[in-house]
Amino acid sequence: MSITDLLKQIPLFESLNDSERRRLESLLQRRSLEKGEILFHKGDIGSTFYIIIKGLIKIGVSNKLGDEVTLALLRDGDFFGEMALLDEQPRSADATALEDSILYVLDRNDFFPFLIENENAVRSILRALSMRLRRTDDLFAELSFLTVSARLAKRLLELAKPTQTHGEEPGEFRVQMSQRELAAMLGVTRESINKELKILKDKGMVTTSRNAIIIKDLDRLKRRTR
């Protein structure tokens, strides 16, 4: 599949015509990341914008004690790094690959001329940024009104991938993530996540293995988010 065909599948650029996509394609550089590789740290000078073609990128912050908070998990078709491009300030968070990932990179010196030439791209980016802000509002609401149990169930449902590999049964779902990473996403301790997962295991809804959670009963888990 060509880069142009890939760009058609990315919501950010779905409103571009073929000529505009080809122009964008000529500006992109490909970059591969291995699982666990850090793309940039909070405070780094940013001059590039990233589009995820394949993989999973964690955006988060940490303190000197090693405590982490995950702000976002971004997948195929998502973009990030636009804040440093727009305001020319240092990166506001860390970016780390949670899976082997393939990105396309757009440099600031090419980014703005492309936007000036393409009104559709400006509208798409504004719409995507608005959706991201709404998502942030949703996260604050979750922190304020939902229990840890409900928040964990909701996040597991968002991360779940159907699979019949690794010996799982048909109809089961896998979340490839450690308890520490889940705790960072929810802003709680690892011990809290361990306690909640034990409750889910005792009820027969999930099983756990090294850095993975297998969802056995999706419907019952959904009911815990209410």
Side-chain angles (χ1 to χ4, degrees), residues 6-16 20-21 24 39-40 42 46 48-62 68-99 101 103-106 108 111-112 114-115 118-161 173 175 177 181-188 193 196 215 218 221-226:
L6 286 171
L7 291 175
K8 289 180 181 179
Q9 300 178 18
I10 298 175
L12 181 60
F13 301 116
E14 63 185 2
S15 63
L16 300 182
E20 291 167 337
R21 289 194 190 95
L24 178 62
L39 182 60
F40 56 74
K42 179 180 179 181
T48 46
F49 170 86
Y50 299 93
I51 303 165
I52 304 173
I53 299 302
K54 180 181 179 181
L56 179 64
I57 303 295
K58 178 181 72 174
I59 306 298
V61 293
S62 59
E68 293 181 282
V69 175
T70 298
L71 303 175
L73 288 177
L74 305 177
R75 299 181 180 277
D76 307 3
D78 287 330
F79 68 93
F80 62 100
E82 75 286 346
M83 288 178 61
L85 283 181
L86 296 174
D87 61 18
E88 300 186 38
Q89 296 297 310
R91 300 291 189 189
S92 60
D94 306 325
T96 307
L98 295 185
E99 300 174 356
S101 301
L103 312 176
Y104 280 113
V105 184
L106 184 60
R108 174 189 288 137
F111 180 76
F112 282 107
F114 176 78
L115 289 184
N118 296 280
E119 182 179 348
N120 286 335
V122 175
R123 291 178 178 176
S124 294
I125 287 177
L126 290 175
R127 183 168 58 251
L129 289 174
S130 177
M131 292 176 63
R132 191 166 291 177
L133 287 172
R134 290 180 186 276
R135 173 58 180 157
T136 301
D137 289 342
D138 290 341
L139 289 175
F140 278 121
E142 287 182 16
L143 287 171
S144 300
F145 301 116
L146 294 183
T147 64
V148 174
S149 176
R151 286 158 52 200
L152 175 60
K154 187 173 183 179
R155 199 64 70 240
L156 289 176
L157 291 170
E158 291 176 355
L159 297 169
K161 293 182 178 180
F173 294 78
V175 176
M177 186 165 290
E181 290 167 336
L182 279 171
M185 289 187 66
L186 298 180
V188 299
I193 295 298
E196 293 297 332
I215 300 174
L218 201 68
L221 191 63
K222 286 179 181 178
R223 290 197 288 271
R224 294 181 69 86
T225 66
R226 299 167 187 167

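Just so we're clear, the structure is a prediction, and the values are computed from it rather than from any experiment. Residue numbers count from 1 along this sequence.
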Go through the side-chain N and O atoms of Thr48 and Arg108 and say whether any donor and acceptor fall under 3.5 Å apart.
no
Give the minimum heavy-atom separation between Ile57 and Ala97, together with the two atoms involved.
CD1-CA, 3.8 Å
Between Phe79 and Phe49, does the ring centre distance come in under 6.0 Å?
yes
In short, Arg224 meets Ser149 closest at the heavy-atom pair NH2-OG, 2.7 Å
Salt bridge Glu99-Lys161, side-chain N to carboxylate O under 4.0 Å
yes
Evaluate the side-chain proximity of Leu106 to Leu24: yes if any heavy-atom separation is below 4.5 Å, no if none is.
yes
Is any side-chain heavy atom of Met185 less than 4.5 Å from a side-chain heavy atom of Met177?
yes
Quick check: are there more than 12 heavy atoms from other residues, nucleotides or ligands sitting under 6.0 Å from CZ of Arg123?
no
Within the distance-only criterion (no hydrogens, no angle test), does the side chain of Asp76 pair as donor or acceptor with the backbone N or O of Gly55 below 3.5 angstrom?
yes
Kindly indicate whether the side chain of Arg151, heavy atoms from C-beta on, has any atom under 4.5 Å from the side chain of Val188.
yes
Stepwise side chain to side chain contact (heavy atoms under 4.5 Å, CB included) test for Leu74 and Leu56
CA-CA 6 Å; Leu74 305 177; Leu56 179 64; over 6 Å; no
Are any non-hydrogen side-chain atoms of Asn118 and Val122 less than 4.5 angstrom apart?
no
Taking atom NZ of Lys54 and atom CG of Leu103, what is their separation to the nearest 0.5 Å?
12.5 Å
Approximate separation, where rounding is to 0.5 Å, of Leu182 CG and Leu159 CG
7.0 Å
